[in-house]
Amino acid sequence: MELNTSKFYTATTPWFEAYRENFLQSMPASEHEFLNHYLACMLVVSSHEAVPVEQFLKLSQEQHRIQHSGEYTFPKWFIPNTLKYYVLLHDISEGDEQRADSVYEDMKQRYGTQGCYLLKINSRTSGPGSDEQIPDPWSQYLQKSSFQNQDLQEEGPSAIINNTKVENSTGAAEVDGLDSTAKDGIANNFDGHPLQLDHPSDPGGPQDCLEALKPSGPGPDAKKPAGATSHGACLTLNDHDRIRQFIQEFTFRGLLPHIEKNIRQLNDQLVSRKGLSRSLFSATKKWFGGGKVPEKSINELKNTAGLLYPPEAPELQIRKMADLCFLVQHYDLAYSCYHTAKKDFLSDQAMLYAAGALEMAAVSAFLQPGAPRPYPAHYMDTAIQTYRDVCKNMVLAERCALLSAEILKSQTKYSEAATLLIKMTSEDSDLRSALLLEQAAHCFINMRSPMVRKFAFHMILAGHRFSKAGQKRHALRCYCQAMQVYKGKGWSLAEDHINFTIGRQSFTLRQPENAVSAFRHILINDSRQAASQQSAFLREYLYVYKNVSQSSPEGSLPQLPLPCIQSSATRVFFGHDRRLAEGEKQAATHVSLDQEFDRDLSQQWKELEEQVVAIVNRGVLPVNFQPTQYCLNSQTDNMRFPLAVVEEPIIVEVVFRNPLKIPLLLTDLSLLWKFTPKDFSRPQGRESGETVSNEKDAHMPMTTLKNDFITTEVIPEFYLSLEETKVARLKLLPQKTGELHILGVVYNLGTVPSAAEGAPVGDGLTVRGRQDLEIQGPRLNSTKEEKTSVRHGPDRRLDPIISPPMPLLEVFFINFPTGLLCGEIRKAYVEFVNVSKVPLTGLRVVSKHPEFFTFGSQTAPVTPLSPTASENCSAYKTVVTGSASADGDQPCSTSLVSPADFGAGRDGQCPGVVDIPLPDSVLQPGCSIQLPMWLRGPDREGVHEINYLFYYESMEKTSKLSHRVLRHTAIICASRSLSVRATVRRSNTFQDREDGHSGNGSMLVFVDVENINTNEAAVREFHIVQVSSSSKQWRLHKCINPSQDKDSKLTSRERGKLCFRATKCRPIEATSGALDKYTFADINLGNEQIISSTTPCADFFFRRCQSGEPKKAVALGHSSGLAQSKGQDASDEEVTDMVRKCSEVDLNVIVLWKAYVVEDNKQLILEGQLHVALQTIGKEACSLTQKEEAQEMVLLKFKPEHPPPLARPSMEQLSHLIKTNLHYPESYNHPFLQRSLCMVPVTLRLSNCSLAEVDVIIDLRHKATSPETLEVHGSFTWLGQTQYKLQLKAQEIHKLQLTACFIHAGVYNLGTPRVFAKLSDQGSMCETSQQNSMPALIIINGI
């Protein structure tokens, strides 16, 4: 983490440097060390004095008295013979220079040339017209001691002190810590001169001494504050040079020779005084204690801490010599002296002196040039421990720690420096501890491998101690620096503590914006705090936020952190409040916010809408087609602007989440929006007004915010319990057309009153703010550039376009069932209501299941009912007949019907889009109409969801919204009823022009009906009341009923079988105008005929055909197209088609039934119909569609497969080319005794069932392959020609006269001729054996 790039991080800490410098300068003089004792005294007298020499004498005597009288503790002097340096100060601008020179000559005679000096200053007079600008020579020295008088210049969180930027400091006193001198034990000597005496009762007058010791320059700026005016205004550059020369003369001629002389004297004294004592002392140590000082613990040495040496003690002389060497930077000699003194002090157990010697020895070793020896850090550690624990002097211990820390940092030993600084923290001084902890933190961050977490932790500790010391700005700065480390690391409790402290400190320092931001971070994160702590956080936030909002009441509403809004889960609903069900009325389900989004279902609705729109637009889907979406969410397509209608509500569902463990209360909750009015009736929708917004109105909460453009609903109270996720539905009502942009929500945030307190937690504190709804669109992933980068598309669910008024339809279903038997017919009614102010037209309905419902045929929308049907409440059109048409003498009724009359296309294909008949095709505003609707139970049992899509348009076409739709999902539970299986076979009879029929047009239809209903208690029995047929070529002729029962009754688990004869349609019925029409034939098994060619029977028949025939037609078209694409001969297709037609039958059987049901102790009669489509002769068809088996896993094939072979006729299809029939007497009497051979004439009739010439071979020889065949045929044989070859034309019937020969009486089977056939134009094709007829038994009687 790069902290050095942060605005809160500073590489240097000037406040600590200022503290350290002033701390070291303010150190009082002590007896155990002499570094801050005075070596010399400079006596300054002005040349204006009448007798300057006398003044020098007085000053000299005064200094001698102060030093040697013993009345003054301070200042302290280094040696008794203090150097006195006499300076005569001459003001050139006012004084007499010759007199000054003469006085100076006298001084040289008296004090010597090395002990006095004449300093001439003020070469020019101070005036406002001075052109020459000379810098202030004293500014860099005087400001350090006069910064308390300077004004603070605050810039944000920092202040400028002493021309040094100190961040987050509140004042000079806070920076240097002078207000805590009582704690730290530091004398505050900054208010006076460093030489100020501490004995105010001096009879000699301390004021005179102070004046004498102070500079006596006559300049008027001497008594002015340093920060108020400049200094040295009368000095010229020559004066500056004189001053520098004066200092140089004083140093090299006076001070340094004096120090050298004292070092020489001290060295001579030590050698002379301690030569004998050292030898005796060392010898004594050898006898009694050895050469080393015995180690003692700190506790044993406590009683020796107060040992004091007399000034003339040899040990102190060594220390003085060491200090003098240190002052003149003779560090090698100084270290030797300190080391020697340390040993002496330790031997005498003078711990205060020993600690001082250890401290200076370590510093001298560090400062030695060339670093001959390593820095003895253990010396410093021992010195600090001695100062702190033995001597109880924290000031000296702190000084030692500061010096050692700087030395260790200069040697990049940051870890040791940090450890040392941390050890110096204590409870007696919060300011010192805070500064040292901060420096320790900086040591951790400056290490070669930065220890970031330790840095942050110690910054937190420093900030806490700064706060206790009253340094609010420094505390805030420390916490902000630590926050950079803890932020985003998952340490939520630490983040909460830091943010809470930052918030409080910022608010105290009148930084409310920073405080709000800090408290906001506490609330928006998933807090792990206890409920009481979270309540405290929220209370603090509300209080701070309240103050901020009151300070700027006219400003924009700020963002609130609570509750959390899941913007991506926002849903937008466009729709009105629909009426609920009334009595038997059931409202259309349509779309609501209570429904969950289903992607597959949404795709189905889209396909239905595309289907109906394409039909309305002549089969082409418009380019600008936009699917209707009433409810927008994160899973819908929100790339386009949604369309809303003026004066129809827009509901926005916002998901709120309370992350806290305390409840929240939102009041006056509403939406924020901006609106641009546009008139879409004008070309290109020119703007008719400026953009308006309700942000200003949102400041004042109201129950309903009315506006000329948008009416905004306000929720008075919205309660969120602890950690609850809850949705709020906010409503807008647009009044004009234009573009609406929903920006966010606005509300009052408050807490809920607790039961114990009876008052709000925040004392009724509520704050008003907003939260924006910002929704990120889906990621774009279509182009290569979008795939390689992260780009998101727009999400426009909150930006609806308000379009002009449109009609609004409501649909109600009356007597709509929820449960039906499979195939049951039920009549219901649908009510259409136009609840808008605009007329409605073009009403249509589309469904994926058109076989489930019908509104009746177009020719007769309202079917007249017979009296009998009215009594029985039948859904069918019925006619009472005298007897059943199943009798052979009673002809069945037939009728021709066009599929177009029932909304179906050719081949019975229904497009699924139904036009709903309206009076004049218009439904006026406020009007309603009820239309009948017939329903048929699905053929498969179970629960079925059937989707209806109602489509309608406006009379006035608008550019934005062309149509509207209404959705309804019906749930139908279908239970078992009947299962119908049917088979068709060729009839063996040849009826020559019987009843006007073709001689080759008869088939037998076998219908097997089974009652598969399992609810025996409710459904008692089923009655088969009628069987009807529908086909273009065939019709049922009569019922071959073996019994006299006219009505087939089936109770539970019973089965019945019916046989019908089907014939070709009459030529009159197959005229060119009726090629596309279906012939309906009804065979009623009771005394009431249901007209199957009318609504609803024919409607459901044509809708049932939709799922069968189109698929077959598509399959055939595909196979034919494939054959052509592969270049096959066209004759092969003709052959295949011709052969197929021989075995194909296009006959649909409709079985109509009635069921007697007991429900609520009442008997009901239900009715219904089942459909069976017969396609192939001999192949069984069923009314129940077989479930498709799941496809097995197919291996992937990467190599191209060979093209599939051309579909050729199968052997089964080729075996139906010729139909055979034998005509013979059933019994024949022959006298075998007179004539042994019995010859019977037999006629073999051959019928060509195809539409092409066929070559036929008849073989009469017996094919004896097993003994059984011999037993059956017996001694019967055919006489005459036994093999024939014929050629039959299309649909030709040929008779062949045969003779059968018998030798004795018996029963014989004449069905032995074998017939082989092939198409004449297929030379390469072999003859195929034709299917044998039924057994032809003949009885030969002997007489």
Side-chain angles (χ1 to χ4, degrees), residues 823 825 866 868-869 874 876-897 978-985 987 989 991 994-997 1001-1010 1022-1050 1055-1066 1069 1077-1094 1096-1098 1100-1101 1104 1145-1155 1167-1174 1181 1183:
I825 304 296
S866 63
T868 307
S874 175
Y876 293 105
K877 179 182 179 182
T878 59
V879 176
V880 178
T881 59
S883 60
S885 63
D887 297 338
D889 299 334
Q890 179 74 24
C892 64
S893 61
T894 60
S895 59
L896 283 174
V897 172
L978 296 177
S979 172
V980 179
R981 296 178 181 271
T983 310
V984 61
R985 297 187 182 276
S987 176
T989 61
Q991 301 174 356
E994 179 186 348
D995 197 21
H997 293 80
S1002 177
M1003 290 190 301
L1004 295 179
V1005 180
F1006 298 92
V1007 180
D1008 191 353
V1009 185
E1010 180 184 3
F1022 285 88
H1023 287 226
I1024 311 301
V1025 297
Q1026 181 172 311
V1027 178
S1028 300
S1029 68
S1030 175
S1031 176
K1032 294 181 180 181
Q1033 300 176 358
W1034 298 89
R1035 68 181 180 88
L1036 292 181
H1037 179 58
K1038 64 179 180 179
C1039 177
I1040 306 173
N1041 196 357
S1043 65
Q1044 296 300 320
D1045 293 336
K1046 305 304 180 184
D1047 195 354
S1048 299
K1049 299 180 182 179
L1050 298 174
R1055 300 178 65 174
K1057 194 160 190 174
L1058 302 174
C1059 183
F1060 300 90
R1061 182 183 297 278
T1063 60
K1064 284 278 189 178
C1065 295
R1066 296 180 181 182
E1069 299 170 357
K1077 292 189 177 182
Y1078 283 72
T1079 299
F1080 280 80
D1082 301 331
I1083 297 180
N1084 61 307
L1085 304 179
N1087 58 358
E1088 191 177 55
Q1089 177 188 352
I1090 297 175
I1091 303 177
S1092 61
S1093 60
T1094 59
C1097 185
F1100 290 115
F1101 163 72
R1104 176 67 175 82
V1145 178
D1146 183 13
L1147 177 62
N1148 299 281
V1149 178
I1150 306 173
V1151 178
L1152 295 102
W1153 52 263
K1154 287 187 179 181
E1167 52 192 353
Q1169 65 188 55
L1170 298 173
H1171 310 101
V1172 180
L1174 294 169
S1183 62

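- Under the 30°/60° scheme for interplanar angles, the aromatic rings of Tyr1078 and Phe1101 are found to stand perpendicular.
- With a 4.5 Å cut-off on side-chain heavy atoms, Ser1002 and Arg1061 count as touching.
- A donor-acceptor pair under 3.5 Å is formed between the side chain of Gln1169 and the backbone N or O of Cys1097.
- Taking the side chain as every heavy atom from C-beta outward, Lys1064 and Trp1034 approach each other to under 4.5 Å.
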Stepwise side-chain hydrogen bond (donor to acceptor under 3.5 Å, both in side chains) test for Ser1031 and Asn1148
CA-CA 6 Å; Ser1031 176; Asn1148 299 281; 5.5 Å; no
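- Between the OG1 atom in Thr878 and the CG atom in Leu1152 there is a gap of 11.5 Å [rounded to 0.5 Å].
- The nearest pair of heavy atoms linking Lys1049 to His1023 is CE-CE1, 3.2 Å.
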Could you walk me through whether Leu978 and Ile1024 satisfy the side-chain contact (heavy atoms from CB on, under 4.5 Å) test, starting with their C-alpha distance in whole Å, then the side-chain angles of each, then the deciding distance to 0.1 Å, before giving a yes or no?
CA-CA 10 Å; Leu978 296 177; Ile1024 311 301; 3.6 Å; yes
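- Side-chain atoms of Phe1080 and Ile1150, non-hydrogen and from C-beta on, do get closer than 4.5 Å to each other.
- When side chains are defined from C-beta on, Val1151 does not count as touching Leu1058, because their heavy atoms never get closer than 4.5 Å.
- One N or O on the side chain of Ser1029 and one on the backbone of Leu1036 form a donor-acceptor pair closer than 3.5 Å.
- Inter-residue side-chain proximity for Asp1008 and Phe1006 is flagged as unmet; no heavy-atom pair is nearer than 4.5 Å.
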